[in-house]
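Just so we're on the same page: letters track the sequence lines, and every chain starts at 1.
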Protein chains: 2
Amino acid sequence: MREKGDMDDEPTENLPAVSHPLASHIGFLLRRVQLAVFSDFQTRTATFEITPSEYAILQVLHASPRMQQNRLAEIIGVKPANCVVLINGLEKRHLLIRRAYSKKLPQGRALALSLTMEGKEFLKKMNVRVLEHQKFLVDLLGVRAHEELRDHLTSLLDQADRGLLG
Amino acid sequence: MREKGDMDDEPTENLPAVSHPLASHIGFLLRRVQLAVFSDFQTRTATFEITPSEYAILQVLHASPRMQQNRLAEIIGVKPANCVVLINGLEKRHLLIRRAYSKKLPQGRALALSLTMEGKEFLKKMNVRVLEHQKFLVDLLGVRAHEELRDHLTSLLDQADRGLLG
DNA sequence: TATTGTTATACTCTATAACTATA
DNA sequence: TATAGTTATAGAGTATAACAATA
């Protein structure tokens, strides 16, 4: 039965976003949540004037020094061409160095990337804020849910890297 | 103890991406997974020539006809100014219509957005592919993990909307 | 006059192709 | 000559401010 107010040009009542059909779309949720999480990251690390992608570079090079650019680009999910610009900026700030390999494995024009001492100290200071950011997410979700979220995202990412997705 | 091969200019061995410190960064995982999931969505719906954001608009308007643009923009997480362009394109394709409210609630220049019959049929056909996309994700993760992922993302999104994040 | 929608614009991110440099 | 890196450029997505239209 229709109520008296149910007229054709009446606007839809305001509803919380969660009640919409998009609420069950993983892709939609991923996009919204990613923007929010990045925003929190950026806010907490604003004084370091660094983007999430640049942070990813420093973090990967800290764990795996003397890495090639192409391999680094693959890991952080950025095209080699775009990675160049990021690395240029970090090199100008003396946070990392490019060195030619003198021998061994790589072919062609391969360069080895490593953090400078300055870069390591920078990363150490920045990680204080990044850990606060991560702790904030854990506190919001709870330890268990945070682990589940991380594991499920990792599972999807692994399968995407194996070509089962995308 | 250091092995004989442990020289200073030797490159780091190749490792699966998952072994990197970024593997526990929710923000990093969200970005990578979102790109992969969107890519699968785009591939499966390529023939409809529609972006995820445009799909979100159609889906929301189907569930909530006569919605205002500002409210729609808020729900799909796009600035009103950018939403205009998306709506223009969908209107030119006759998938939705803009109508002025003749009376009642809204103030100012408010317009009511609704799907056309063509828009509803378009969405119905497209949803066949979108459901395949969603089923693919469920199959990859398993029903239980998919639900957990959705719930955790929703939880984070709700708290972000309440200003606790970002 | 407050609210809603629109335009214009700029900035970032991402994608592609063509080009350079090195083992 | 195959591999790695670089340049240039184009296209999305996003953000902001100024402006126009309507109750």
Pairs of donor and acceptor atoms involving the side chains of residues 73-83 of chain A, under 3.5 Å and at least two apart or interchain, shall be tabulated with distances.
| residue | atom | partner | partner atom | Å |
| --- | --- | --- | --- | --- |
| A/Glu74 | OE1 | A/Arg71 | NH1 | 3.2 |

If only side-chain N and O atoms of [X] are considered, is one of them under 4.0 Å from the OP1 or OP2 phosphate oxygen of [N]?
| X | N | value |
| --- | --- | --- |
| A/Asn70 | D/dT3 | no |
| A/Gln68 | D/dT3 | no |
| A/Arg98 | C/dA21 | no |

List the residues meeting side-chain contact (heavy atoms from CB on, under 4.5 Å) with B/Thr45, not counting sequence neighbours, and say none if there are none.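 Residues passing side-chain contact (heavy atoms from CB on, under 4.5 Å) with B/Thr45: B/Phe41, B/Phe48, B/Met126, B/Arg129, B/Val130.
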
Separation of atom [atom1] in [X] from atom [atom2] in [N], rounded to whole Å:
| X | N | atom1 | atom2 | result |
| --- | --- | --- | --- | --- |
| A/Gln69 | C/dT22 | CD | P | 14 Å |
| A/Lys79 | C/dA15 | NZ | P | 5 Å |
| B/Ile57 | D/dG13 | CD1 | P | 11 Å |
| B/Lys92 | C/dT6 | NZ | C1' | 13 Å |
| B/Glu74 | C/dT4 | CD | C1' | 14 Å |
| A/Phe38 | D/dT14 | CZ | C1' | 14 Å |
| A/Arg32 | D/dT14 | CZ | C1' | 13 Å |
| A/Arg66 | D/dA4 | CZ | P | 18 Å |

Go through the structure and list residues passing side chain to side chain donor-acceptor pair (under 3.5 Å) with [X], not counting sequence neighbours.
| X | answer |
| --- | --- |
| A/Glu118 | none |
| A/His62 | none |
| A/Glu121 | none |

Could you work out the complete set of other residues in the hydrophobic cluster of B/Val138, with links drawn between I, L, V, M, F, W and Y side chains under 4.5 Å apart?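 B/Val143, all in the cluster of B/Val138.
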
With a cutoff of under 4.5 Å between side-chain heavy atoms, which Ile, Leu, Val, Met, Phe, Trp and Tyr residues group with B/Val85?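 Cluster partners of B/Val85: none, it stands alone.
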
Under 3.5 Å, which protein N or O atoms sit close to an N or O of nucleotides 10-13 of chain C? Give each pair with its distance.
none

Options C/dT7, C/dT4, D/dT14, nucleotide nearest the side-chain atoms of A/Leu35: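 Of the options given, the side chain of A/Leu35 lies nearest D/dT14.
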
In terms of side-chain heavy atoms of B/Val78, which of C/dT6, C/dT7, D/dT14 is nearest?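 Within the option list, the nearest is D/dT14.
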
Exam field: side chain A/Thr43 to backbone A/Ser39, donor-acceptor pair closer than 3.5 Å: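 Answer holds: yes.
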
Give a yes-or-no answer on whether the side chains of A/Arg98 and A/Asn88 include a donor-acceptor pair shorter than 3.5 Å.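 Their side chains do contain a donor-acceptor pair, which is all the 3.5 Å distance test asks for.
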
Dump the pairs, protein N or O against N or O of nucleotides 18-20 of chain D, anything under 3.5 Å, distances to one decimal.
| residue | atom | partner | partner atom | Å |
| --- | --- | --- | --- | --- |
| D/dA20 | N3 | B/Arg109 | NH1 | 2.8 |

Under 4.0 angstrom, heavy atoms only, what part of the nucleic acid is B/Asn82 near: base, sugar-phosphate, or nothing?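 Counting heavy atoms under 4.0 Å across all strands, the contact made by B/Asn82 includes a base.
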
